[in-house]
Amino acid sequence: MDLTLTEEDFLAICGSTKFAAEMAKRAPFSSLSQAVELSRDIWWNEVDIASWLDAFAAHPEIGDGKSLKGRWSKGEQSAALSTATDSTLQKLVDWNQKYKEKFGFIFLICASGRSTPEILDALKKRFGNRPIVELEIAAGEQQKITELRLAKLFAEKGSSTTQTVTAFSNIPPQQSTGSMVAGRRLNHIGAHLISNSEGSMEHCPMQSSSRTRPPITTHVLDVSHGKPGVGIEVSLESWNGPTVPPDMFLSSRDTVGWTLLGSSITDNDGRCGPLMPVVDHVPAGMYRITFNTGKYYKKMGAATPGSETKSGFYPFVSLVFEIKSFQTLEHFHVPVLLSPFSFTTYRGS
């Protein structure tokens, strides 16, 4: 017998309104496994990063017993609360705050059956992750929670399924491997991380910008073929290492001073998606745009014997440029004209 569930049911499972709406459109479901499979596809391949953040925000912070008002939250954190001491709870509060300040969202973990020390240990280990990695991990934890709650919901609604509540918690998510989906996700993640960072972007107004595009853009033209450079991975970084004069910059050996702002993939016109949010004032400083030209040429047959004209001399191209304090309202278009054995760049409009 098919089980009919409402959008309100799905919103209680996952706090993303877009996710809930998409699940409700597909209802009813003939089995729990069908609902879980569909939830994975929607979560990983259809909803955007803003929907992920909506879902994260619907959760109480781990260890905060006073805010456990959700339909299932108290039961999910029961093991953690029963093993907590005043000392470990305070440590959770402190580390939760550090985590939120670094990543811009609360620490999320499938807490069912986990003790407070286990959760605290996981939080500390994940705190060292790169933001772009951590956001994907948090999304995976949300999907685990979604699957457990789906099983509980099916049981509450009297479904005849015999699958257990924990049946899906350890199954890896089925994510799309398509480059367009992956590129779009990286782009959204990069934009989110900048807007929530407490670093160099903290004084940038993130609302109501008068610009219509990000202040730093790029495109790639493959001049050897007379066509756009399609499918090239591009990343934008800012320098947050020691402050040095531009003429001394090359002597700085601090290679960990670069912070990733955003990543994307060039489209059929060779244009790159947004590498940062649309902001009025771009912070002054040093920036680096990197193009994965080696992978681009490999796809074009660089590894094929006798295809010398298709082989690339540069495995990647990195362009470092400086935005001065009096240029923060300007636009910086930094394109690349690419050929197998040379490249040209300029500041365009």
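Two rings, from W239 and Y287, have their centers 6.0 Å or more apart. Ring centroids of Y99 and F127 are separated by 6.0 Å or more, keeping the two rings apart.
Residue F291 is tested with L319, T266, L338 for a side chain to side chain contact (heavy atoms under 4.5 Å, CB included); the sole match is L319.
Between the side chain of R126 and the backbone N or O of D121 there is no donor-acceptor pair closer than 3.5 Å.
More than 12 non-hydrogen atoms from other residues, nucleotides or ligands lie less than 6.0 angstrom from NZ of K18. Within 6.0 Å of CZ on F316 lie no more than 12 heavy atoms contributed by other residues, nucleotides or ligands.
Residues T218 and H333 bring no donor and acceptor atom of their side chains to less than 3.5 Å of each other. In this model, no donor atom of one side chain and acceptor atom of the other lie less than 3.5 Å apart for T146 and S39. Of the N and O atoms on the side chains of S51 and D54, not one donor lies less than 3.5 Å from an acceptor on the other residue. Side-chain contact annotation: S33 with E37, donor-acceptor N/O pair under 3.5 Å absent.
With a 4.5 Å cut-off on side-chain heavy atoms, L108 and I145 count as touching.
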### Task
For the pair Y314 and F343, evaluate ring-ring contact (aromatic ring centres under 6.0 Å, His included) and give the outcome as yes or no after the intermediate values.
CA-CA 9 Å; Y314 302 98; F343 64 89; 5.1 Å; yes

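Under 4.0 Å is where a charged nitrogen must lie from a carboxylate oxygen, and between R26 and E22 at least one such pair does. Under 4.0 Å is where a charged nitrogen must lie from a carboxylate oxygen, and between K144 and E147 no such pair does.
Under the 4.5 Å side-chain heavy-atom criterion for Ile, Leu, Val, Met, Phe, Trp and Tyr, L337 and F332 are members of distinct hydrophobic clusters.
Not counting sequence neighbours, the partners of E118 by the side chain to side chain contact (heavy atoms under 4.5 Å, CB included) test are R114, S115. By the side chain to side chain donor-acceptor pair (under 3.5 Å) test, K324 is found to be paired with no residue, residues two or more places apart in sequence or in another chain being considered.
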